[in-house]
Amino acid sequence: MRRIKIFDTTLRDGEQSPGCSMNLKEKVEMARQLEKLGVDVIEAGFAIASPMDHKSVKAVAGAVEYCTVASLARCVKGDIDAAWDAVKEAKHPRIHVFLATSDIHMEYKLQMTRQQVLERISEMVAYAKSLCEDIEFSAEDASRSDHEFLAQCYTRAIAAGATTINVPDTVGYATPQEMADLIRYLKGHVEGIGNVDVSVHCHDDLGMGVANSLASVMAGATQVECTVNGIGERAGNASLEEIVMAIQTRSHYYRAETNINTRQIYRSCKLLSNITGVAIAPSKAIVGVNAFAHESGIHQHGVIANALTYEIMNSADVGIPQNTMVLGKHSGKHALRDKLFSMGYELSDEELEPVFARFKKLADKKKTITGRDLEALVLHRRNQYIGECQLASHVVNAGHGVPNTSYIRLQRGEELLEDVAIGTGPLDASFKAINHMLGMDIKLDSFSLNAVTDGEDAVGEAVVKIIAPNGRRYTGTGLSTDIIESSIRAYVNGINKMMDSAE
Ligand code: KIV
Ligand code: ZN
């Protein structure tokens, strides 16, 4: 079995996806989860892009232990210096330098000749190598580059010290056969390629990102770059969970394995979705709510007779919590901790305390607490308990033909704020009351509500996107069996994130 390295770029390429930006705390939280998941490399950001990017890469570098932490850099000294400064305290730092090699990029974007590009690669890879042992070189738009020239670029990069060469299908243009042919060609024409990792980085513009990555693995690639939930520029990057489960489920075909703890997959996907407020599509492979559901009678009958008739994977192997009754209102802290542990959540005493408090409240309202309820409580603990403002209480009076009013009390630090407002609906009134008491002109961008579990007493998860007075967007989430309360909590959570990033 060949061991394929998983290079996760959720925090860099993934974050470039519209609506998926994350703050520093969220990036660190995601990075810790990626480490639990077992990825080999975390690309934490593009350090030169902004002071906040630099800070986030540095924070991730200090937060993880086993994974390599990479920062992206153009083939420019200032970028490389910033990247090194951000990752140098990581246990395993990597600088990832890139330069475009396709004729169209060189002519119109870089305005450089082939010779100049070759020289820049030698010079900048060598410079990066003088700072850091682990260097990755990417030839941007490799799949649309002249093959012979591309081989020269990689030969130069390896000679200058690159330890990984990456072959991006930057615009998602290639087909699986073309990617496989390109990898085979490079293996035969790049000097020193046998001593380095050969990586692929496929975008999903034609929906072939995962297929292209897997075809490259078959052709000899040893590293795959991907993102959780496939988020990324335009149509996104190849999805980590799909690549990993394809390699695991068809390991005899690919004759390969990864280091991923697949039982952490679902948790990682949900955490990202919870942080960004971008929902996972119901029919999304591996982690969508329908991915393991059998609707047709024929299928259900087959699965009851023998699960293998229609199931090629086991949902438990991906870490999907079972939606059965697990705990009730008489369950204690030990039972909760044991159950969470069996679901893969290891909480310290300090972390368990607020989850237990919320569990007790929920158990008072809801007859049965399922695995999905517990998962939602754990995912939301950071939202409910972190931040300057906390919802203390609310009274909403809503109906048809009457004014909709909302009275809200917010604890802001030591101060208890209160206000009442009239609105076109109960949420409009609530959000207006909050804006008024904080003296801020915050606009609602979008709002959605989903039931976390089935049934009349389902827990509702609200996702609210707000636009701050400075025009920046923030996502807040809230959880409750009362949909108005979950919506207000989501709004307050968005405001907390806004205040947090203003510091
Ligand atoms: O898509 C791309 O080419 C990239 C590179 C910077 C690796 O993201
Ligand atoms: Zn990319």
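Atoms within a ligand are numbered from 1 in the order they appear, just like the ligands themselves.
- One side chain, S102 or D141, offers a donor N or O that lies under 3.5 Å from an acceptor on the other.
- Here K77 does not pair with D79 in a salt bridge; the nearest charged N to carboxylate O distance is not below 4.0 Å.
- Nearest approach of E140 to F98, heavy atoms of both residues: OE1-CE1, 3.6 Å.
- Distances shorter than 2.8 Å separate the Zn ion (ligand 2) from the protein N/O/S atoms D13 OD2, H201 NE2, H203 NE2.
- Closest non-hydrogen pair, S213 versus V224, comes out as CB-CG1, 3.9 Å.
- The minimum heavy-atom distance between N212 and C202, with the atom names listed, is CB-SG, 3.7 Å.
- Interatomic distance, CZ of F137 versus SG of C153, reported as 6.0 Å (0.5 Å rounding).
- Side-chain contact check for H203 and E233: no donor-acceptor pair (N or O, by modelled atom type) lies under 3.5 Å.
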Dump all N/O pairs between ligand 1 and the protein below 3.5 Å as a table: atom names plus distance, one pair per row.
{"unit_1": "ligand 1", "atom_1": "1 (O)", "unit_2": "H201", "atom_2": "NE2", "d": "3.2"}
{"unit_1": "ligand 1", "atom_1": "1 (O)", "unit_2": "H203", "atom_2": "NE2", "d": "3.0"}
{"unit_1": "ligand 1", "atom_1": "3 (O)", "unit_2": "T170", "atom_2": "OG1", "d": "2.6"}
{"unit_1": "ligand 1", "atom_1": "8 (O)", "unit_2": "R12", "atom_2": "NH1", "d": "3.4"}
{"unit_1": "ligand 1", "atom_1": "8 (O)", "unit_2": "R12", "atom_2": "NH2", "d": "3.0"}
{"unit_1": "ligand 1", "atom_1": "8 (O)", "unit_2": "D13", "atom_2": "OD2", "d": "3.1"}
{"unit_1": "ligand 1", "atom_1": "8 (O)", "unit_2": "H201", "atom_2": "NE2", "d": "3.1"}

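- Between R94 and D134 a salt bridge is recorded (basic side-chain N to carboxylate O distance below 4.0 Å).
- Side-chain contact, D197 with S199: no donor N or O sits under 3.5 Å from an acceptor N or O.
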